[in-house]
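First listed ligand is number 1; within each ligand, the first listed atom is number 1.
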Amino acid sequence: MRREFLPFYMPMIEQSEVDELIDTLKSGWLTTGPKTKQFESLFKGFIGCNYAVALTSCTAAMHLALVALGIKEGDEVITTPYTFAATAEVIIHAGAKCVFVDVEPDTANIDADRIEAAITEKTKAIIPVHFAGHPCDMEKVLNLAKSYNLHVVEDAAHAIGSEYQNKKIGSIGDVSCFSFYANKNLTTGEGGMATTNSLDLAEKIKLLSLHGISHNAWQRYSMNGSWYYEILDAGYKYNMSDIQASLGIHQLKKFERCQAIRLEYTKLYNELLAEVLEVKVPVIKDKDKIKHSWHLYVIQLQLEKLAIDRGRFISELHRSNIGSSVHFIPLHLHPYYQKNYGFKRGDFPVAEDFYKRAISIPLYPRMTTDDVKDVVEAIKNIIAHAGL
Ligand SMILES: *Cc1c(COP(=O)(O)O)cnc(C)c1O
């Protein structure tokens, strides 16, 4: 058994991030400024979209996307219960009602074949969540959106680097929202980005991100700036700082190197777990159509073959010095949604079944191949004692 605890996740911060951060701290400009602008420009180039607006979080990006699209009270927005709190709460913050559609059993992505039945006259948008980094069936989602005149805002928190039909996620929907939270594939500690091909939406999101003020502070306080500004809307305070962008610039520069390591570890997990019948490894649907970003490696316990449940399996992993996590507790099982939306257990059975079996095991570039092997050894040991 391993001696040292293997955390579920550790970010890859190197000297280049540290140097850039110190440069920013010494520069005299800490909030949104030249580094944020540089990060936006690099990110836009990486995604292959027309506009990228750097924000404080993916949550902020989704909120602003909905507001910029005019989503308001009385509207309905479709998403899935198999996601983080953020995806549904922004719908509520925009004043709309969230409508859940169950997921596909293999990917835990929104089941595109069930969306149409959930569309009403009030439906204004769909928020597909690219779970774990596996892109949703965007062809179906975009076709439905077109025939019903709906907007598509993507929760791309897991999908930096994911591709659909040879295009990067972030370049195909109305607005895509990325997260740079500490455990995402690219981190700025906290942070996010909205990408779009629409100038109008990019300008609206930018304006709303800083109090609806006509010129941002950098434009006002730099050499050629003017003190004068106008408030054009009741905006928000969602702008990214240059401190965050300093990290982002270098995280993006090494992104492909880190992704290659993730892919290598994914293949190793697949190979080593192939013989373990009590565990199902992540499924890739439409291999020739998509590229997975491998934000998460979620195994599915074949509970029928085990004498212990998922909770006990996680405790055993922890006792074996292996960190793990669960993505996600379906939203309709949480008290808020049960109280305010009347949801109950059984409403979204596919999501519930996926959840019951899911464990996210460590997958990140700071791990070694020995760490990957240790995780698999621990899994095999637990099963040896808990098999039927
Ligand atoms: C992390 C995450 C978010 C929220 O990202 P923040 O940048 O922390 O706001 C949203 N959706 C999903 C699916 C996530 O995993």
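With sequence neighbours excluded, the residues forming a ring-ring contact (aromatic ring centres under 6.0 Å, His included) with His292 are His134, Trp294, listed by chain and number. Under the rule for a side-chain hydrogen bond (donor to acceptor under 3.5 Å, both in side chains), the partners of Asp347 that lie at least two apart in sequence or sit in another chain are Lys344. For Thr196, the side-chain hydrogen bond (donor to acceptor under 3.5 Å, both in side chains) criterion is met by no residue, not counting sequence neighbours.
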List, pair by pair, the atoms of ligand 1 and of the protein that are both N or O and lie under 3.5 Å apart, giving the separation rounded to 0.1 Å.
{"residue": "ligand 1", "atom": "5 (O)", "partner": "Ser179", "partner atom": "OG", "Å": "3.2"}
{"residue": "ligand 1", "atom": "7 (O)", "partner": "Cys58", "partner atom": "N", "Å": "2.9"}
{"residue": "ligand 1", "atom": "7 (O)", "partner": "Ser179", "partner atom": "OG", "Å": "2.7"}
{"residue": "ligand 1", "atom": "9 (O)", "partner": "Cys58", "partner atom": "N", "Å": "3.3"}
{"residue": "ligand 1", "atom": "9 (O)", "partner": "Thr59", "partner atom": "N", "Å": "2.9"}
{"residue": "ligand 1", "atom": "9 (O)", "partner": "Thr59", "partner atom": "OG1", "Å": "2.5"}
{"residue": "ligand 1", "atom": "11 (N)", "partner": "Asp155", "partner atom": "OD1", "Å": "3.3"}
{"residue": "ligand 1", "atom": "11 (N)", "partner": "Asp155", "partner atom": "OD2", "Å": "2.7"}
{"residue": "ligand 1", "atom": "15 (O)", "partner": "His158", "partner atom": "NE2", "Å": "2.6"}
{"residue": "ligand 1", "atom": "15 (O)", "partner": "Lys184", "partner atom": "NZ", "Å": "3.3"}

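Put simply, the side chain of Asn109 does not reach to within 4.5 Å of the side chain of Val129, judged on heavy atoms.
Taking the six-membered ring where tryptophan is involved, the planes of Phe328 and Phe84 are tilted, since the angle between them lies from 30° to 60°. By the 30° and 60° cut-offs, the orientation of the rings of His63 relative to His93 is tilted.
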